[in-house]
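Only one structure is covered here, and it is reproduced in the block below.
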Amino acid sequence: MSEVVAVPSATAGFKAWCLRHIARPQPAQEFVPQIDGLRFVAIVSVVLYHMQGFAAARLTPSGAATDWLRALLAQGHYGVPLFFALSGYILGCPFLGERAVSLKRYFLRRLTRLEPPYFVCLLLIFALKVWSMDISIAALSPHLLASLAYLHGWTYGTQSEVNGVAWSLEVEWQFYLLAPLLFAFIARSRTWGRHIGLWLAMLIGGVAHAMDYHDAPRVGLSLLHYFGFFAAGAWIAVLDSEGSAPHGAKRFDLLGLLAWAAILCCLLTGGAALVPLPALTALVLLCGLRGTMMRRFFGWWPIYCIGAMCYSVYLYHFFVISLLGKIVVASVGTPIPPLQQLLLLPFALGAVLLACAIPYLLI
């Protein structure tokens with residue numbers, strides 16, 4: 001009797017391809033899918049934030065029926081502080097582990113993983129802007145050099161003229177440089193001192209984040225504005241190193257839902273309501289790693305595969321949105337009715353993610 005050979009379904013084949021080519025290739029003991037799952041939330045929030053900004057400026061006059069949706073999507077800028085918290089956690093885990101961290105390997109890893117795609121992106125966009133816009137090489141070159149050195153915010157007090165989203169990568173690098181000293185201090189502190197110090201940093205960081213930096217833009221584009229979120233991630237790394245929070249506890253699911261709701265309320269309210277944001281971010285990170293249902297959701301392969309592409313999506317999404325918007329405007333004209341905008345939203349999001357997957361796979 002001949003054996004029946006099982007033919008893998010198209011879905012199974014697509015999943016295998018994604019896990020082989022898109023998911024992070026780290027060894028299993030180092031890979032936490034929930035981290036990339038949380039990155040999914042962060043990057044989709046940022047993409048939707050810029051989509052609503054384009055729609056508000058180009059597609060529909062103000063006062064439209066989608067204002068409630070725009071108010072919601074406009075809070076997508078929170079994805080950037082969430083990225084900062086994830087960085088605090090990811091960098092904290094090895095420094096607080098049992099094995100000593102080689103500073104040479106630490107900085108070499110940052111350079112080899114982050115610099116090639118960043119430099120390629122800046123040079124590509126620089127060339128496209130000079131070619132397609134009325135901008136001279138001489139005028140844009142100083143901004144390119146400042147962005148390549150992660151100094152545009154400090155130098156000009158504005159977001160990069162080459163790629164505006166690069167400001168957050170400058171903040172990340174400020175933290176990368178300070179992280180070894182910070183975690184060396186945390187590792188040598190008493191247990192109670194670690195927790196008190198980091199919660200105090202989250203509180204002070206929340207106050208710093210809630211302040212208006214209109215008259216001090218360089219501070220607003222620096223680590224001084226966002227350090228509370230890095231402290232939030234560092235605190236979760238401390239909990240991991242101490243083994244003081246159980247995995248798979250359902251109570252974390254409820255706590256996580258409440259924390260997400262509280263974050264949305266804080267963002268919509270603004271002002272002083274932003275003070276608890278770093279502490280709430282610590283809770284959503286903790287619950288995403290500990291809650292039974294949240295671990296399943298953030299550890300679902302389509303979610304964490306998209307999250308794995310977050311760096312490339314972040315670098316290119318704004319320009320893809322602009323190109324896609326121009327195509328839509330040229331095809332159907334403006335204004336676009338609110339209901340049609342709502343129906344277009346998931347297709348536009350999918351198109352942006354697919355387009356940004358190209359540089360991820362190539363670079």
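All heavy atoms count here, side chains included; hydrogens, waters and symmetry mates do not. Count residues from 1 along the sequence.
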For Tyr89 and Asp240, what are the C-alpha separation, side-chain angles and deciding distance, and is it a side-chain hydrogen bond (donor to acceptor under 3.5 Å, both in side chains)? CA-CA 9 Å; Tyr89 172 78; Asp240 264 11; 2.4 Å; yes

Atom CG in Leu72, atom CG in Leu267: separation rounded to 0.5 Å? 10.0 Å

Can you see which heavy atom on Ala23 is nearest to which on Ala308, and at what distance? CA-CB, 4.3 Å

Under a 4.5 Å side-chain heavy-atom rule over Ile, Leu, Val, Met, Phe, Trp and Tyr, are Met309 and Leu362 clustered together? yes

Rounding to 0.5 Å, atoms OG1 (Thr281) and CH2 (Trp235) come to a distance of 12.0 Å

Can you confirm whether more than 12 heavy atoms, excluding those of Phe14, are under 6.0 Å from its CZ atom? no

Is there a path from Leu128 to Leu144 through hydrophobic residues (I, L, V, M, F, W, Y) whose side chains come within less than 4.5 Å of each other? yes

Enter the distance from Ser147:OG to Gln159:CD here, rounded to the nearest 0.5 Å. 10.5 Å

Is a side-chain N or O of Asp253 found less than 3.5 angstrom from the main chain of Met294, in a donor-acceptor match? yes

Does atom CZ (Phe318) have a neighbourhood of more than 12 heavy atoms from anything else shown, all under 6.0 Å? no

Which heavy atom in Phe107 sits nearest to a heavy atom in Pro180, and how many Å separate them? CZ-CG, 4.3 Å

Is the closest side-chain heavy-atom distance between Leu200 and Ile204 below 4.5 Å? yes

Check step by step if side-chain hydrogen bond (donor to acceptor under 3.5 Å, both in side chains) holds for Gln174 and Ser222. CA-CA 8 Å; Gln174 292 167 29; Ser222 74; 4.7 Å; no

Are the side chain of Arg218 and the backbone N or O of Trp154 linked by a donor-acceptor pair below 3.5 Å? yes

With distance as the sole test, does Lys129 use its side chain to make a donor-acceptor pair with the main-chain N or O of Val162 at under 3.5 Å? yes

Is there a side-chain hydrogen bond (donor to acceptor under 3.5 Å, both in side chains) between Ser168 and Tyr226 once you walk through the steps? CA-CA 10 Å; Ser168 68; Tyr226 295 97; over 6 Å; no

Do Leu223 and Glu170 pass the side chain to side chain contact (heavy atoms under 4.5 Å, CB included) test, and can you show the C-alpha distance, the side-chain angles, and the key distance before you say yes or no? CA-CA 9 Å; Leu223 181 61; Glu170 296 182 10; over 6 Å; no

Hey, quick one: are Leu283 and Met293 part of the same hydrophobic cluster, counting side-chain heavy atoms closer than 4.5 Å, chains of contacts allowed? no

Can you tell if the side chain of Cys121 reaches within under 4.5 Å of the side chain of Tyr316, non-hydrogen atoms only? yes

Quick one: NE2 on His317 to OG on Ser312, what's the gap to the nearest 0.5 Å? 12.5 Å

Report the distance from atom CE of Met202 to atom NE2 of His209, rounding to the nearest 0.5 Å. 14.5 Å

Ignoring hydrogens and geometry beyond distance, is a side-chain donor-acceptor pair present between Trp167 and His152 at under 3.5 Å? no

Heavy-atom side-chain contact between Leu268 and Gln75 under 4.5 Å: yes

Closest contact, heavy atoms only, Ala42 versus Leu82: CB-CD2, 3.9 Å

Any chance you could lay out the side chain to side chain contact (heavy atoms under 4.5 Å, CB included) test for Leu315 and Leu122, step after step, and finish with the verdict? CA-CA 9 Å; Leu315 288 173; Leu122 287 180; over 6 Å; no

Path from Leu254 to Phe298 over hydrophobic side-chain contacts below 4.5 Å: no

Decide if atom CZ of Phe185 counts as having more than 12 heavy atoms of other residues, nucleotides or ligands within a radius under 6.0 Å. no

Indicate yes or no: does Glu115 engage Arg110 in a salt bridge with an N to O separation below 4.0 Å. no

What I'd like to find out is whether the side chain of Leu169 reaches to under 4.5 Å of the side chain of Tyr311, using heavy atoms alone. yes

Spacing of CE belonging to Met133 relative to CG belonging to Leu140, to within rounding of 0.5 Å: 9.0 Å

Is there a side chain to side chain contact (heavy atoms under 4.5 Å, CB included) between Cys18 and Trp301 once you walk through the steps? CA-CA 9 Å; Cys18 288; Trp301 71 268; 3.9 Å; yes

Do Met51 and Leu73 touch side chain to side chain, with heavy atoms closer than 4.5 Å? no

Verify same cluster id: Leu285, Leu96 (apolar side-chain graph, 4.5 Å): yes

Side chains of Val80 and Val165 in contact at under 4.5 Å (non-hydrogen atoms): no

What's the shortest heavy-atom distance between Pro278 and Ala232, and which atoms? O-CB, 3.3 Å

Just checking His143 against Phe126, ring centres under 6.0 Å apart? no

Could you check whether any side-chain heavy atom of Pro142 comes within less than 4.5 Å of a side-chain heavy atom of Tyr156, counting everything from C-beta outward? yes

If you take the centroid of each ring, where Trp contributes its six-membered ring, are Tyr150 and Tyr118 closer together than 6.0 Å? yes

Arg194 side chain vs Ile186 backbone, donor-acceptor pair below 3.5 Å: yes

Ile43 vs Phe83, side chain to side chain contact (heavy atoms under 4.5 Å, CB included): CA-CA, chis, key distance, verdict: CA-CA 8 Å; Ile43 193 58; Phe83 274 130; 3.9 Å; yes

Using modelled atom types and a 3.5 Å cut-off, is there a donor and acceptor pairing between side-chain atoms of Tyr304 and backbone atoms of Arg24? no

More than 12 heavy atoms of other residues, nucleotides or ligands under 6.0 Å from CH2 of Trp17: yes or no? yes

ring-ring contact (aromatic ring centres under 6.0 Å, His included), that's the test. Do Phe297 and Trp300 meet it? Break it down for me. CA-CA 5 Å; Phe297 174 75; Trp300 186 33; 7.2 Å; no

Does the ring-ring contact (aromatic ring centres under 6.0 Å, His included) test come out yes or no for Tyr106 and Phe95, once each step is laid out? CA-CA 10 Å; Tyr106 166 77; Phe95 277 106; 5.2 Å; yes

Checking the side chain of Arg70 only, and the main-chain atoms of Gln52 only, is there a donor and an acceptor separated by less than 3.5 Å? no

Is the backbone of Ile22 close enough, under 3.5 Å, to the side chain of Tyr360 for a donor and an acceptor to pair up by distance? yes

Answer yes or no: is there a side-chain heavy-atom contact under 4.5 Å between Phe230 and Ser87? yes

Ile137 atom CD1, over 12 foreign heavy atoms within 6.0 Å: no

Using the side-chain contact (heavy atoms from CB on, under 4.5 Å) definition, which of the options Val41, Leu274, Leu277, Leu264 pairs with Tyr78? Leu277

May I ask you to check whether over 12 heavy atoms, not counting those of Arg188, lie within 6.0 Å of atom CZ? no

Considering non-hydrogen atoms only, spot the tightest contact between Leu280 and Ala259 and give its length. O-CB, 4.2 Å

Any idea which heavy atoms bring Trp199 and Ala279 closest together, and the distance? CZ3-CB, 3.5 Å

